[in-house]
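The first residue in the sequence is number 1, and the count goes up from there. Indexing begins at 1, ligand by ligand and atom by atom, following the structure's order.
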Amino acid sequence: MGKMRTQSAPWRAAAVLASVLLVGGVAACGNSDTGGGAKDDGKITMGFSQVGAESGWRTANTTSIKESAAAAGIELKFDDAQQKQENQIKAIRNYIQQKVDVIAFSPVVESGWDTVLKEAKDAGIPVILTDRSVDSADKTLYKTFLGSDFVKEGRLAGEWLVEQKKSATGPVNIVELQGNTGAAPANDRKKGFGEAIAVNPNLKIIASQPGDFTRAGGKQVMEQFLKANPKIDVLFAHNDDMGLGALEAITAAGKVPGKDITIITVDAVKDGMQALADGKFNFIAECSPLLGPQLMDLAKKVHAGEEVPARIETEETTFTQEQAKEALPNRKY
Ligand code: GYE
């Protein structure tokens, strides 16, 4: 018996080890699968905190995310923060509590995210930034940033204007409608545009105010601009919606948009493209809202522990009035 026991000991040890591994394996597997706080069905759960519903761009972006999640078989928990950072922080904390597999969000402003991002990291939940970025110095707080190059959009808008006004002999007065204060696209578009027009000292920004990326904001601020400044030659609006709102103010002031005032915007959503084709806008730098498919792809990779590039840029173009007429019939959003 003694002999048998000695002989069987390694087997028993192996069996014990195997069962430990098996149980451990199942437990580990269960952990990662139920990390979604839900069933052990291998389905990825994503918590997504959206900026709001402030513009046509945002609506198209939300649709893209919801449709792509469904198509990719990803369970989406969606929250609209109504352009408030505190709401986004609350939503992210909820997602951490619910143990979602991946958190994705479009930060309404650039600053002030380190604490909540650290909480997600400590909970072992990967974060993907989509559309807008954060200014955190610690790049390990998120896996990747998927979105446009907003500085480039501003620069393309500015370069177009420089070319248009190259033979101007006197001052060209520009007013600027900014996005919401502190947002990456507001900061970056302002920067890119400002740098591009700096080559011609005739081009001067005489007023610049936030219109919060909304039509109502664009209209209201443009009314103030028109009241305070008798000579406005150019409007640079950080998105189509503010430009569309401004059209009403310009017309009400007895001026012809696209003629008396040159209008440049960013986004190229359908209503913006229509205004461009109709000659009310003069130029649009495109910004694509169709980020959903790439976001879902990234979520799957990040969840599987694969390496992903730290920065993924969306491809974009620009539109003149003629190009808008051509592109409009096929525009999806
Ligand atoms: O340009 C604007 C929206 O973050 C790129 O947000 C986005 C911007 C977009 O409200 O229309």
Side-chain angles (χ1 to χ4, degrees), residues 48-65 80-85 87-88 104-111 113 128-135 145-158 176-193 209-219 221-222 235-247 263-276 281 283-292 294-295 311-319 331-333:
F48 187 91
S49 166
Q50 180 60 290
V51 168
E54 74 283 3
S55 64
W57 190 99
R58 191 63 55 198
T59 312
N61 180 245
T62 292
T63 305
S64 171
I65 284 158
D80 174 339
Q82 302 183 327
Q83 298 232 71
K84 291 204 178 81
Q85 181 172 34
N87 291 346
Q88 287 202 294
F105 79 114
S106 174
V108 61
V109 291
E110 286 187 276
S111 304
W113 300 101
I128 300 175
L129 301 179
T130 162
D131 159 33
R132 300 182 183 180
S133 191
V134 299
D135 64 4
F145 165 41
L146 163 69
S148 311
D149 181 343
F150 302 132
V151 178
K152 185 170 156 198
E153 292 165 355
R155 195 171 57 236
L156 291 171
E176 181 180 34
L177 285 168
Q178 301 173 30
N180 63 287
T181 306
N187 294 341
D188 294 356
R189 287 170 186 165
K190 181 167 191 31
K191 180 170 186 272
F193 184 80
Q209 292 282 329
D212 293 342
F213 282 127
T214 64
R215 287 191 194 202
K219 180 175 179 223
V221 178
M222 191 67 199
L235 163 64
F236 172 46
H238 288 185
N239 77 344
D240 289 338
D241 282 81
M242 289 190 294
L244 291 164
L247 288 181
I263 302 178
I264 308 168
T265 66
V266 185
D267 276 357
V269 295
K270 216 170 202 160
D271 290 352
M273 290 288 272
Q274 188 64 57
L276 185 59
F281 284 1
F283 189 72
I284 303 181
E286 186 188 35
C287 178
S288 175
L290 306 181
L291 305 177
Q294 275 174 294
L295 174 61
R311 173 79 173 100
I312 299 162
E313 251 180 58
T314 31
E315 272 188 34
E316 279 142 8
T317 182
T318 58
F319 295 97
R331 208 71 187 158
K332 296 265 177 332
Y333 57 90

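- Using 4.0 Å as the threshold, D267 has a heavy atom nearer than that to some atom of ligand 1.
- Inspection of the E110 and N187 side chains reveals an N or O donor paired with an N or O acceptor under 3.5 Å.
- In this structure, F213 and H238 have tilted ring planes: the angle between them lies in the 30° to 60° band.
- Each of the atoms 5 (C) of ligand 1 lies under 4.0 Å from some heavy atom of C287.
- For atom 10 (O) of ligand 1, the closest non-hydrogen atom on the protein side is E54 OE2, 2.5 Å.
- Applying the side-chain contact (heavy atoms from CB on, under 4.5 Å) test between T314 and each of D131, L290, L291 identifies L291 as the sole match.
- Using a 4.0 Å cut-off to heavy atoms of S55, the atoms of ligand 1 that qualify are 2 (C), 3 (C), 10 (O), 11 (O).
- In this structure, D149 does not pair ionically with R155, as no charged nitrogen and carboxylate oxygen lie closer than 4.0 Å.
- Here the straight-line distance linking atom CD of Q50 with atom CD of Q83 works out to 10.0 Å at 0.5 Å rounding.
- If you number the atoms of ligand 1 from 1 as listed, the ones under 4.0 Å from a heavy atom of P185 come out as 4 (O).
- Atom NZ of K190 has more than 12 heavy atoms from other residues, nucleotides or ligands within 6.0 Å.
- Counting atoms of ligand 1 from 1 in the listed order, those under 4.0 Å from a heavy atom of F150 are 5 (C).
- Between N239 and ligand 1, at least one N/O pair is under 3.5 Å apart.
- The protein heavy atom nearest to atom 8 (C) of ligand 1 is R132 NH2, 3.7 Å.
- E153 approaches E286 most closely through the heavy-atom pair OE2-O, 3.5 Å.
- Atom 5 (C) of ligand 1 has its closest protein heavy atom at D131 OD1, 3.2 Å.
- Within the 4.0 Å heavy-atom cutoff, R189 counts among the residues contacting ligand 1.
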